[in-house]
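Below is one structure, written out as structure tokens; the observations come after it.
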Protein chains: 2
Amino acid sequence: MLKLKQDHSELVVLSVLAAGPSYGYAISKDIAARSDGHFKLTASGMYPLLTKLEKNGLVTTSWEEVKASGSDPESNGRRRKWYTLSDKGQRHLTKRIELHRQLQSILDGFVHGSMGEQDPQTGFAG
Amino acid sequence: MLKLKQDHSELVVLSVLAAGPSYGYAISKDIAARSDGHFKLTASGMYPLLTKLEKNGLVTTSWEEVKASGSDPESNGRRRKWYTLSDKGQRHLTKRIELHRQLQSILDGFVHGSMGEQDPQTGFAG
DNA sequence: TTATGATATATCGAAACTCGATATATACAA
DNA sequence: TTGTATATATCGAGTTTCGATATATCATAA
């Protein structure tokens with residue numbers, strides 16, 4: 001299990017939303033699935049983050065009432081809060097990715113040669 | 001100026017020490033120079049980090065008295081605290097780099113294709 | 001019917017981290 | 001003697017982290 005800092009979480013969530021609107025729980029499952037379980041963004045990390053993104057105007061939101069197939073039409077079903085990447089969000093993501101790549105590039109300069117013998121192509125020794 | 005989180009700072013400092021022993025101030029200058037000023041690890045970030053590394057046994061330390069060339073032999077000069085990467089520290093660094101590369105690899109999977117038209121080789125649009 | 005797990009959103013709070021400001025002291029050059 | 005560089009270190013207000021907790025619906029099987 002790899003730890004995701006908020007910075008990385010934001011990058012991943014925005015990237016997921018760049019593919020189309022989604023909601024907290026689905027994003028969480030999506031991240032776990034697409035990382036083979038290596039990344040896990042739990043509720044306590046997800047919702048404050050989504051709230052922050054909304055507050056900063058990077059996403060727009062809307063509620064969906066999820067009715068059960070055979071349920072009472074009068075009853076309130078589960079509620080889903082959908083998040084859609086805004087234009088501002090897309091621009092932010094683009095900059096964020098540029099910054100991420102720049103960081104990696106410089107970081108690699110430091111890391112390079114600090115590991116002794118290992119395959120530089122894969123980054124894994126075992 | 002790119003922000004370095006403690007995780008990254010630790011990786012960079014350990015990588016610097018993998019090249020040979022150094023001390024706080026020199027490491028700080030080294031990092032600024034080798035990153036063309038993009039990374040800056042200031043005293044308030046550096047010393048707590050080095051103390052933590054020492055506490056965890058990743059580095060060993062020793063003090064050096066830095067005498068001025070023409071100074072009174074009796075006077076106390078400046079004091080330098082040298083940090084040397086321990087075997088445990090080298091093993092930790094190796095694992096840390098593997099983890100870093102694994103993280104990047106998965107992160108790239110999410111980021112890939114979230115930027116629209118741009119050169120995937122360099123990661124920079126402008 | 002009941003209980004177990006999945007779906008779904010959200011906050012709390014203790015611990016850890018961040019980073020500019022601050023403190024202290026020596027060395028050296030203008 | 002004044003300013004800048006060298007050198008280590010802590011303080012503290014603000015932010016981040018993340019397991020625990022709370023609430024409620026839905027689906028399935030015992």
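What you are looking at is a predicted structure, and each value in this text was computed from that prediction instead of being measured.
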Salt bridge present between A:Glu65 and A:Arg79 (N-O < 4.0 angstrom):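 Yes, this pair counts.
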
Let me know the distance between [atom1] of [X] and [atom2] of [N], rounded to the nearest Å.
X: A:Leu4; N: D:dT16; atom1: CG; atom2: P; value: 16 Å
X: B:Tyr25; N: D:dT6; atom1: OH; atom2: P; value: 3 Å
X: B:Leu11; N: C:dC17; atom1: CG; atom2: P; value: 16 Å
X: B:Glu65; N: C:dA27; atom1: CD; atom2: P; value: 10 Å
X: A:Lys52; N: C:dA10; atom1: NZ; atom2: P; value: 17 Å
X: A:Asp7; N: D:dT17; atom1: CG; atom2: C1'; value: 13 Å
X: A:Leu53; N: D:dT16; atom1: CG; atom2: P; value: 12 Å
X: B:His8; N: C:dC17; atom1: NE2; atom2: P; value: 15 Å

Pairs flagged by side chain to side chain donor-acceptor pair (under 3.5 Å) wherever residues 13-35 of chain B is involved - sequence neighbours left out: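 Of all non-adjacent pairs touching residues 13-35 of chain B, those that pass side chain to side chain donor-acceptor pair (under 3.5 Å) are B:Tyr23-B:Arg80.
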
Under 3.5 Å donor-acceptor, B:Thr61 side chain and B:Trp82 backbone: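 Checking the backbone N and O of B:Trp82 against the side chain of B:Thr61, no donor-acceptor pair under 3.5 Å is found.
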
Test item: A:Thr51 side-chain N/O and A:Tyr47 main-chain N/O as donor-acceptor pair under 3.5 Å: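 A pair under 3.5 Å: yes.
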
Members of residues 28-51 of chain B that approach DNA chain C, where some heavy atom sits under 4.0 Å away: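 Close to the strand are B:Ser44.
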
A:Arg78, nearest nucleotide to its side chain (from C:dT7, D:dT16, D:dT6):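 Given the options C:dT7, D:dT16, D:dT6, the side chain of A:Arg78 is closest to C:dT7.
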
Looking at [X], I'd like to know whether one of its side-chain N or O atoms comes within less than 4.0 Å of OP1 or OP2 on [N].
X: A:Tyr23; N: C:dA8; answer: yes
X: B:Arg80; N: D:dA7; answer: yes
X: B:Gln6; N: C:dA16; answer: no

Contact nearer the 5' end of DNA chain D, comparing A:Lys5 with B:Trp82: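 Per heavy-atom nearest nucleotide, the more 5' residue is B:Trp82.
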
Heavy-atom check, side chain of A:Leu85 versus side chain of A:Leu53, under 4.5 Å: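 No, their side chains stay 4.5 Å or more apart.
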
Note, A:Phe39 side chain near B:Leu103 side chain (heavy atom, < 4.5 Å):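 Side chain of A:Phe39 against side chain of B:Leu103, heavy atoms only: contact under 4.5 Å found.
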
Contacts of A:Lys88 that satisfy side-chain hydrogen bond (donor to acceptor under 3.5 Å, both in side chains) - sequence neighbours left out: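 A:Lys88: no side-chain hydrogen bond (donor to acceptor under 3.5 Å, both in side chains) contacts found.
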
